[in-house]
Protein chains: 2
Amino acid sequence: MRSSADTSLAERKRQLVADDLRDAALMLLATKGFDVVTVDDIVAAAGMSRRTFFRYFASKEDVVVRFLADTSADIITELATRPSAEPPSVALRHALWVPLAACNDHPEHSERARVVVRLILDTPALHARWLERQIEWRAELAAEVANRSGLDPHSDPYPRMAAGMALLALDTVLQRWQPGDDEQHLAELMDQAFAIVAPALDAPATLPAA
Amino acid sequence: MRSSADTSLAERKRQLVADDLRDAALMLLATKGFDVVTVDDIVAAAGMSRRTFFRYFASKEDVVVRFLADTSADIITELATRPSAEPPSVALRHALWVPLAACNDHPEHSERARVVVRLILDTPALHARWLERQIEWRAELAAEVANRSGLDPHSDPYPRMAAGMALLALDTVLQRWQPGDDEQHLAELMDQAFAIVAPALDAPATLPAA
DNA sequence: GCACTACTTGACACTGAGTGCCATCGACAG
DNA sequence: CTGTCGATGGCACTCAGTGTCAAGTAGTGC
């Protein structure tokens, strides 16, 4: 039988292996380009076998995308804990800030995150996987938005589109993320992006659905 | 040297081959599922060689996605010919209607288009490629929106986000496309979706950029 | 009819992603 | 010391996608 605290013995060893694999992969992919680096190159750099790589990551794209997209649950919980009186644009802005805040907590991670974002946006295969992951985010966000607004997520298109607009704002920020941007500059970009979609997110006509 | 009218002799033969391949592929993929059908199955059904398939389509996803996404240029030209006095939400609604109108021109094509849309939305790999194609649309739409509004597409996030919101509306319509929906019902769904994003698309604050 | 050219096709071989299977090794409980 | 469990590595396999080459099939000029 397993100990109740599963995050102790073997689990941390697995995490170490996953981190090594991820670091080796990001280093090679970011410097040499996604297409020219093979999985064999990655596992050679990490000193492991090809088979082990696919036990930790579902695909070559997965290593890169999961580095950014593992925080999905945090976004939802953040949105769920925002006061219900807050207008959708404000609540969503705070929820979508969570992954960026996680990057900025440690400055040395921030730069690597920016490089990975650039790699994703510039590599069609990665961009596609990134959007695929965003689809899941959008569905979860839409469910939470429906909760907050009391709308039916199946009959009313507002929740799904509100989630889509929030993710579009995040995408715009990532697209405009330049080298050397500090946390404050990122916050400004985020505010600008949400200022554009806010009139639609908070429009009174959409909330009391016809 | 080639004749000036390149759409005559060999070009139509190529089109016939491409159509046969596409029809065989859509038939198999839609009925049996994307993952279980191999390229060998498709070319066997079409009576051609595997190598020929990849001369006409870049990938297995490409057959499906191009069936819907070949009308990119039409969208842009439609947007370019809309009167410049038209508010962005109206002009974009008409532009994004073009691919749906193309489906509805021939009712027997409409049903197949709906099935392909369903296949794309339900297959993660296809959905990702579809969104990847949408990114190109978004960039071209953003350039045209920037043209119309006189904004700089690099410094101002509005054009890109306006294009993104329009595509989000289209996506919402496709998601809600049910069997038996006629052209009028599709138009209603389109109006509903654009009504939600219109306050952001037409907000006066965003047009005279700070 | 005959050669020349351009284009398409099919066959083969090859790389690389991703999966299934099995043997092995190390940790740990008895 | 021994049985068990999980992690690993090696191997073989399928399938997507590409490069290359030989053969077939027009059209064109002689």
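In what follows, every chain begins at residue 1, and chains take the letters A, B, ... in the order their sequences are listed.
Comparing A:D40 and B:M48, the nucleotide of DNA chain C nearest to each residue sits closer to the 5' end for B:M48.
Using a 4.0 Å cut-off between charged side-chain N and carboxylate O, B:R12 and B:D19 make no salt bridge. Between B:R93 and B:D191 there is a salt bridge, with a side-chain nitrogen of the basic residue lying less than 4.0 Å from a carboxylate oxygen of the acidic one.
Of the residues in residues 49-67 of chain A, those placing a heavy atom less than 4.0 Å from an atom of DNA chain D are A:S49, A:R51, A:T52, A:R55, A:Y56, in numerical order. Within residues 15-29 of chain A, no residue approaches DNA chain C, by heavy-atom distance under 4.0 Å.
Closest of all the heavy-atom pairs between B:E86 and B:R148 is O-NH2, 3.1 Å. Heavy-atom minimum distance, B:E78 versus B:A95: CG-CA, 3.6 Å.
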Verify salt bridge (charged side-chain N to carboxylate O under 4.0 Å, His left out) between A:K60 and A:D41, making sure each step is shown before the conclusion.
CA-CA 11 Å; A:K60 203 171 74 170; A:D41 296 336; over 6 Å; no
Q.
Test salt bridge (charged side-chain N to carboxylate O under 4.0 Å, His left out) on A:D62 and A:R129; report intermediate values, then the result.
A. CA-CA 8 Å; A:D62 192 41; A:R129 293 294 165 188; over 6 Å; no
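To the nearest angstrom, C1' of C:dA17 lies 11 Å from CD1 of A:I42. The CG atom of A:D35 sits 10 Å away from the P atom of C:dA17 (whole-angstrom rounding). Put simply, CZ on A:R14 is 16 Å from C1' on C:dA27, counting in whole angstrom units. B:E11 has its CD atom 12 Å from the P atom of C:dC7, to the nearest Å. Going from atom CZ of B:R129 over to atom P of D:dA16 covers 14 Å, rounded to whole Å.
Of the residues A:L131, A:L68, A:V115, the one that meets the side-chain contact (heavy atoms from CB on, under 4.5 Å) test with A:I120 is A:L68.
For B:R114, the side chain to side chain donor-acceptor pair (under 3.5 Å) partners are B:E111, not counting sequence neighbours.
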